[in-house]
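A short write-up of the structure that comes next.
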Amino acid sequence: MKSKLPASAARLLALFAGISLSIPAHADPEFADCLNRLRAESVQRGVSLATFDAHAAPLQADRAVLGFLDAQPEFVTPIWDYMAALVDDERVADGRAMLVQWREVLERVEASYGVDPATVVAVWGVESNYGRNFGSRPLLTSLSTLSCFGRRQTYFRGEFFTTLKIIEEGHVAPERLTGSWAGAFGHTQFMPSTFMRLAVDFDGDGRRDLVDSVPDALASTANFLRRGGWRSDESWGFEVALPAGFDSTLAGRRNKRPLADWAARGVRRVDGQPLPVQGPASGLLLLAGGAGPAFLVSRNFDALYGYNAAESYALAIAHLSDRLRGGAPFVIAWPTDDPGLSRAERRTVQQLLIARGHDIGEPDGMIGARTREALKVVQAELGLTADGRAGQRVLQALKASVAPPR
Ligand code: CA
C-alpha cells in the first residue's frame with residue numbers, strides 16, 4: 001500500500017515543483033479551468049493556498065450575476081421616485097432611533113474622524129437601510145464568476161483575491177460575506193478593495209468587521225468620508241432659489257464659485273434669505289433642470305458623491321442627514337405632476353395590486369419587474385398611461401377603485 005502524503009505536504013511539494021494542483025472534479029469544466037488559473041495566481045496575490053483551497057476551490061459559478069454586468073436599466077428611475085423612497089418618513093424615523101441607540105459610539109466616531117452623527121447615520125440608512133439590507137449573494141461565488149466570465153475580469157479578480165485576504169486575516173466570518181451581485185457587503189456596502197483601504201477596527205477586537213460590528217461600520221464610513229475630503233466645520237450645502245431667467249449653464253457640482261459670486265447672480269436661500277457671507281466655494285446642483293429644486297453644494301457633497309459616484313445618491317444622503325437633524329423636506333417641488341411614492345406607499349400599491357388578483361409576491365416596497373408588469377395592466381384598466389411606474393397618480397386611482405360605493 002502506498003503511503004499517502006498529507007494534503008498540505010502534497011501542496012508544498014507541488015509548489016516547489018512549480019506545479020499547480022488541480023481543482024477537484026467539477027461540473028463546470030470551464031469554470032474549473034479558471035479556478036485553477038486563479039489558484040496559480042493566489043500566492044503572488046497574497047492569499048495562501050490553504051485559504052484558497054478552503055474557500056475558493058469548492059466554489060460553483062453563478063452565471064446569473066453576469067446578467068447584471070451588462071444590464072441596461074429597463075426603466076430609468078426619475079429623481080423624484082428615487083428620492084421619495086430613499087428619504088421617506090420611515091427612514092427618517094429609523095435613523096433618529098439609530099442616533100439615539102448608537103449615540104455614544106457616534107460621538108466617539110465624530111471625535112476621531114470629524115464627521116457628525118447625522119451624516120454617518122444617513123450613509124448607513126441609504127447604503128443598507130441601517131443594516132437590514134446587506135444583499136444575500138455569497139461574495140466569493142459572485143466574484144469568482146465575475147473573475148472568470150464577462151467583460152471586467154481583471155477588476156473583479158482584484159476584488160476576489162481581496163475577499164480571500166479579508167477571510168484569511170479573520171476580519172469577517174466567511175459565511176457572513178454576502179452582498180450585492182458586484183460584491184459590496186456589510187453595513188457600509190464597501191467593495192472588498194475599499195474595505196482594505198478604509199475599513200477600521202473601532203470596537204477594539206482587532207478585526208475590521210463591517211458585517212457584525214456596528215461600531216466598526218460607523219467608524220469606517222466616517223473614515224471613508226474624512227479620506228474623501230470631508231471638513232467637519234462645513235456643511236454639504238443647502239437648497240437655494242434661483243432668480244427668474246437664471247443662466248443654468250453655470251450649473252454643475254464641479255463648477256465651484258464663492259458664495260458671494262452666486263449671491264451677486266441673484267441666488268438666495270430657498271426661504272428668501274441672502275446666502276451666508278462665509279462658506280465654502282460651492283457648485284450649483286440641478287438634478288431636474290432649472291424648474292426643480294436647486295442646491296449649492298460644497299466639497300463635503302463631493303465626499304458623499306465619492307461613496308457611489310452618483311449625484312442623486314449623494315443628494316439622498318445629504319437630504320436624509322438634514323432630515324435627521326430635524327430639517328424639512330425640500331421647499332421647491334420636483335417638476336412633475338405625478339410625484340413619487342414612499343416605501344409605505346409602494347407597499348400600499350402592491351397590496352392593492354394583490355387585492356386585484358395580481359401575483360407580485362410579498363408587498364416589500366420594492367418596485368420590481370413583476371410589480372411593474374401588473375401596474376401596466378392596471379393603469380390600462382384605470383385609463384392611465386400604461387408605463388408601469390408607481391407614482392401618486394396610480395396610487396390614488398387604485399385607492400379610488402376599491403373605495404366603497406356611496
Ligand atoms: Ca472590530
Side-chain angles (χ1 to χ4, degrees), residues 45-48 50-52 54-56 94-95 97-143 158-180 182-230 232 303-304 306-308 317 321 324:
R45 295 276 203 157
V47 174
S48 73
T51 298
F52 191 95
H55 299 283
D94 289 346
M98 292 300 170
L99 283 170
V100 172
Q101 184 180 343
W102 296 98
R103 187 171 62 104
E104 181 270 333
V105 170
L106 288 161
E107 284 171 357
R108 282 194 293 122
V109 165
E110 182 171 24
S112 301
Y113 299 96
V115 185
D116 63 284
T119 299
V120 171
V121 169
V123 173
W124 189 18
V126 169
E127 279 297 322
S128 68
N129 195 20
Y130 311 108
R132 292 189 187 97
N133 298 340
F134 284 169
S136 58
R137 292 175 182 276
L139 233 59
L140 284 174
T141 297
S142 304
L143 291 173
E159 299 296 335
F160 169 72
F161 282 113
T162 304
T163 305
L164 288 171
K165 237 181 278 187
I166 291 169
I167 292 171
E168 186 160 285
E169 292 179 7
H171 295 298
V172 183
E175 70 279 7
R176 300 284 288 147
L177 274 173
T178 64
S180 74
F185 70 97
H187 288 278
T188 59
Q189 294 287 290
F190 280 3
M191 288 298 289
S193 55
T194 308
F195 173 101
M196 274 300 177
R197 280 190 299 120
L198 297 171
V200 296
D201 169 26
F202 201 67
D203 61 14
D205 70 350
R207 298 158 57 235
R208 301 186 275 160
D209 189 347
L210 301 187
V211 177
D212 287 317
S213 168
V214 170
D216 286 7
L218 297 177
S220 297
T221 294
N223 188 42
F224 183 106
L225 293 175
R226 183 181 67 161
R227 295 276 292 272
W230 187 270
S232 56
L304 298 174
Y307 221 98
N308 207 18
I317 294 174
S321 74
L324 292 177

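Both backbone and side-chain heavy atoms feed into the values below; hydrogens, waters and symmetry mates do not. Counting starts at 1 for both ligands and their atoms, following the listed order.
Looking only at N/O/S atoms, D201 comes nearest to the Ca ion (ligand 1) through OD1. The atom name of the N/O/S atom in D205 closest to the Ca ion (ligand 1) is OD1. Checked against the Ca ion (ligand 1), the N, O or S atom of D203 at the shortest distance is OD1.
The Ca ion (ligand 1) has no N, O or S atom of D209 closer than 3.0 Å. Under 3.0 Å from the Ca ion (ligand 1) lies no N/O/S atom of P215, from backbone or side chain alike.
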Might you work through the side chain to side chain donor-acceptor pair (under 3.5 Å) test for S180 and Q189, ending with a clear yes or no?
CA-CA 8 Å; S180 74; Q189 294 287 290; 4.9 Å; no
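The aromatic rings of W124 and Y130 lie perpendicular to each other, with more than 60° between the two planes, well past the 30° mark.
Electrostatic pairing of D209 and R176 does not count as a salt bridge here, judged by no charged N lying under 4.0 Å from a carboxylate O.
For E159 against P192, the heavy-atom pair with the smallest separation is OE1-CD, 3.0 Å.
Rounded to 10°, the angle that O of R207 and OD1 of D216 form at the Ca ion (ligand 1) is 110°.
Within the 4.5 Å cutoff, side-chain heavy atoms of M196 are placed close to those of R208.
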